[in-house]
**Q** 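Sharing a structure with you now.
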Amino acid sequence: MKAVGIQNLHYAYPGRDSLFTGLALEIEAGQISVLLGPNGSGKSTLLALILGYLFPEAGEIEVFEKALPAYHRTELGRTAGFVSQAATLPFNYPVLEYILLGRTSRIPYWGGPSKEDIAAAERAAGAAGIEELLPRNVQELSAGELQLVSIARALAQEPRILLMDEPTSHLDPAHALDVFRLIKRLSSQGLTVLLTTHDPLHARQVADQAVLLRNGSALYAGPAVEGLSAENLGRLYGVEFHEARLGEARIPFVGLE
């Protein structure tokens, strides 16, 4: 089953050249899919289009084989969760209240969180492995802790697909490892994950499917191990990649001469 289907997608920001001109893409349900591409290739924009934050000039986007315009905003909020690169926190929410923001699409407009909503937020904290952070406030957290809390907030939506925009871009290796372990665990439980990254090594380790975006089109879309080769990454980024051998695996990397 397709989690996301895109046909003949056209999009341009006002006053700028077209970013996508006829993009076609399929993201399989139940897998971890990763988007890679140079800065400005449209990775974050594509996530925003799938989430309905932006609107294409032409083309079709389907989420779980239903046309995106046919979704009510509330229904889409229950279907797709989103984790941004860095959360903006104007208020020093208690962690549990911040996670409860993920229940917004399930709480009546004039209502407040129910016992069920609180239980769902606590389950999400457990799934993210951050129960010990619940007594704290969000502005007291490290970047790694906050990213895990942001993932818990998205999980509280009980989504069918989780979209993540460079979820480890501001994290040290230990916290990045925590996030990728969590992504693998969530995928093993049936959640579809679509994430962007600039790190081919992490992508090879975590992803089932890879999409390489450049100049508004997909240079490659398919199995991650085959797609994330030194040759393909060199075409994608315009620099030479080398390969190191680790057992039978070939690990692409960029090195100074």
Side-chain angles (χ1 to χ4, degrees), residues 39 43-45 47-54 72-187 189 191-199 202 206:
N39 292 331
K43 302 183 298 299
S44 298
T45 301
L47 296 188
L49 287 161
I50 294 170
L51 289 162
Y53 298 164
L54 299 175
H72 186 277
R73 190 72 239 178
T74 298
E75 182 188 7
L76 188 58
R78 297 176 178 179
T79 302
F82 178 58
V83 179
S84 62
Q85 294 184 38
T88 301
L89 301 173
F91 304 107
N92 194 20
Y93 294 102
V95 167
L96 181 60
E97 289 188 15
Y98 184 64
I99 295 173
L100 277 167
L101 292 176
R103 300 294 294 176
T104 301
S105 63
R106 299 179 182 274
I107 296 174
Y109 188 76
W110 293 110
S114 65
K115 290 182 179 179
E116 180 181 345
D117 294 316
I118 294 171
E122 291 173 341
R123 286 196 302 271
I130 49 101
E131 302 99 319
E132 74 280 0
L133 301 180
L134 290 177
R136 297 169 62 183
N137 293 332
V138 291
Q139 292 182 353
E140 302 169 4
L141 305 179
S142 70
E145 290 170 335
L146 180 57
Q147 192 69 324
L148 292 173
V149 169
S150 295
I151 294 172
R153 183 201 62 206
L155 294 178
Q157 295 176 232
E158 299 179 301
R160 299 177 65 187
I161 182 171
L162 181 62
L163 287 78
M164 311 177 80
D165 193 8
E166 297 188 38
T168 62
S169 61
H170 302 293
L171 304 185
D172 62 47
H175 285 106
L177 184 61
D178 287 340
V179 170
F180 281 120
R181 283 174 172 162
L182 174 57
I183 290 170
K184 292 284 284 186
R185 187 164 70 249
L186 294 172
S187 175
Q189 296 168 0
L191 182 64
T192 303
V193 180
L194 174 60
L195 63 96
T196 71
T197 183
H198 282 297
D199 191 325
H202 282 153
V206 75

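Keep in mind the model is a prediction, meaning the values are calculated, not measured.
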**Q** Return yes if some donor-acceptor pair links the side-chain N/O of T196 with the main-chain N/O of E166 below 3.5 Å, else return no.
**A**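 Here the side-chain-to-backbone pair exists.
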**Q** If the condition is salt bridge (charged side-chain N to carboxylate O under 4.0 Å, His left out), which residues does E131 pass it with, not counting sequence neighbours?
**A**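 Not a single residue meets the salt bridge (charged side-chain N to carboxylate O under 4.0 Å, His left out) criterion with E131.
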**Q** Just by distance, do the side chain of Q157 and the backbone of S105 share a donor-acceptor pair under 3.5 Å?
**A**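 Such a contact is absent between Q157 side chain and S105 backbone.
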**Q** Excluding sequence neighbours, so at least two apart, what forms side chain to side chain contact (heavy atoms under 4.5 Å, CB included) with T104?
**A**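 For T104 there are no side chain to side chain contact (heavy atoms under 4.5 Å, CB included) partners, ignoring immediate neighbours.
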**Q** So do V206 and K184 actually touch side chain to side chain, heavy atoms under 4.5 Å?
**A**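 Counting from C-beta outward, K184 and V206 do come under 4.5 Å.
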**Q** Check L155 against A127 and note the closest heavy-atom contact, atom names and distance.
**A**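 So the minimum-distance heavy-atom pair works out to CD1-CB, 4.1 Å.
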**Q** Donor-acceptor pair, distance only, cut-off 3.5 Å: does the side chain of S150 make one with the backbone of L146?
**A**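 Checking the backbone N and O of L146 against the side chain of S150, a donor-acceptor pair under 3.5 Å is found.
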**Q** If you look at every heavy atom in G81 and P159, which pair is closest and at what distance?
**A**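 That closest heavy-atom pairing would be N-CB, 3.5 Å.
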**Q** Tell me every residue that passes side chain to side chain contact (heavy atoms under 4.5 Å, CB included) with L101, counting only those two or more places apart in sequence or in another chain.
**A**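 Partners of L101 by the side chain to side chain contact (heavy atoms under 4.5 Å, CB included) criterion, ordered by chain and then number, come out as Y93, Y98, R153.
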**Q** Please give me the minimum heavy-atom distance between L47 and F82, naming the atom from each residue.
**A**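 It is CD1-CE1, 4.3 Å.
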**Q** Looking at side-chain heavy atoms only, is the closest gap between D199 and T168 below 4.5 Å?
**A**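 Sidechains of T168 and D199: no contact.
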**Q** When rounded to the nearest 0.5 angstrom, what distance separates CG in L100 from CD1 in I107?
**A**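 The CD1 atom of I107 is 6.5 Å from CG of L100, to the nearest 0.5 Å.
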**Q** What is the minimum heavy-atom distance between S169 and Q85, and which atoms define it?
**A**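 Heavy atoms only, the tightest pair is OG-OE1, 3.9 Å.
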**Q** Under a 4.5 Å cut-off applied to non-hydrogen side-chain atoms, are L148 and L133 in contact?
**A**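 Counting from C-beta outward, L148 and L133 never come under 4.5 Å.
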**Q** Go through the steps for L134 and I99 under the test side-chain contact (heavy atoms from CB on, under 4.5 Å), then give the verdict.
**A** CA-CA 9 Å; L134 290 177; I99 295 173; 4.0 Å; yes
**Q** Please tell me if the side chains of V193 and I161 come closer than 4.5 Å, counting only heavy atoms from C-beta onward.
**A**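 Counting from C-beta outward, V193 and I161 never come under 4.5 Å.
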**Q** State the CG-NE2 distance between L195 and H202, to the nearest 0.5 angstrom.
**A**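 L195 CG to H202 NE2: 11.5 Å, rounded to 0.5 Å.
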**Q** CD/E97 to CG/N137 distance, rounded to the nearest 0.5 angstrom?
**A**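 The distance works out to 8.5 Å.
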**Q** Is any side-chain heavy atom of M164 closer than 4.5 Å to one of T197?
**A**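 Of all side-chain heavy-atom pairs linking M164 with T197, none is under 4.5 Å.
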**Q** Donor-acceptor check, side chain of E145 to backbone of S142, threshold 3.5 angstrom: yes or no?
**A**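 Yes, because the side chain of E145 sits within donor-acceptor range (under 3.5 Å) of the backbone of S142.
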**Q** Would you tabulate the side-chain donor-acceptor contacts of residues 171-181 under 3.5 Å, counting partners in other chains and residues two or more places apart, or write 'none'?
**A**
{"from": "D172", "atom 1": "OD1", "to": "A174", "atom 2": "N", "distance (Å)": "3.0"}
{"from": "D172", "atom 1": "OD1", "to": "H175", "atom 2": "N", "distance (Å)": "2.8"}
{"from": "D172", "atom 1": "OD1", "to": "H175", "atom 2": "ND1", "distance (Å)": "3.2"}
{"from": "D172", "atom 1": "OD2", "to": "H175", "atom 2": "ND1", "distance (Å)": "3.0"}

**Q** Using side-chain heavy atoms (C-beta onward) and a distance below 4.5 Å, is I50 in contact with L194?
**A**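 They are in contact (side-chain heavy atoms under 4.5 Å apart), so the answer is yes.
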**Q** Which side-chain N or O atoms in residues 111-121 pair as donor and acceptor under 3.5 Å with protein atoms at least two apart or in another chain?
**A**
{"from": "S114", "atom 1": "OG", "to": "E116", "atom 2": "N", "distance (Å)": "3.3"}
{"from": "S114", "atom 1": "OG", "to": "D117", "atom 2": "N", "distance (Å)": "3.2"}
{"from": "S114", "atom 1": "OG", "to": "D117", "atom 2": "OD2", "distance (Å)": "3.0"}
{"from": "D117", "atom 1": "OD1", "to": "R103", "atom 2": "NE", "distance (Å)": "3.0"}
{"from": "D117", "atom 1": "OD1", "to": "R103", "atom 2": "NH2", "distance (Å)": "3.0"}
{"from": "D117", "atom 1": "OD2", "to": "S114", "atom 2": "N", "distance (Å)": "2.9"}

**Q** Under the salt bridge (charged side-chain N to carboxylate O under 4.0 Å, His left out) test, which residues partner R185, sequence neighbours left out?
**A**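 Partners of R185 under the salt bridge (charged side-chain N to carboxylate O under 4.0 Å, His left out) test: none.
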**Q** Taking S44's backbone N and O only, do any of them form a donor-acceptor pair with D165's side chain (distance below 3.5 Å, no angle check)?
**A**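 Judged by distance alone, no pair lies under 3.5 Å.
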**Q** Would a 4.5 Å heavy-atom cut-off, applied to side chains only, mark H198 and N39 as touching?
**A**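 SC-SC contact between H198 and N39 confirmed.
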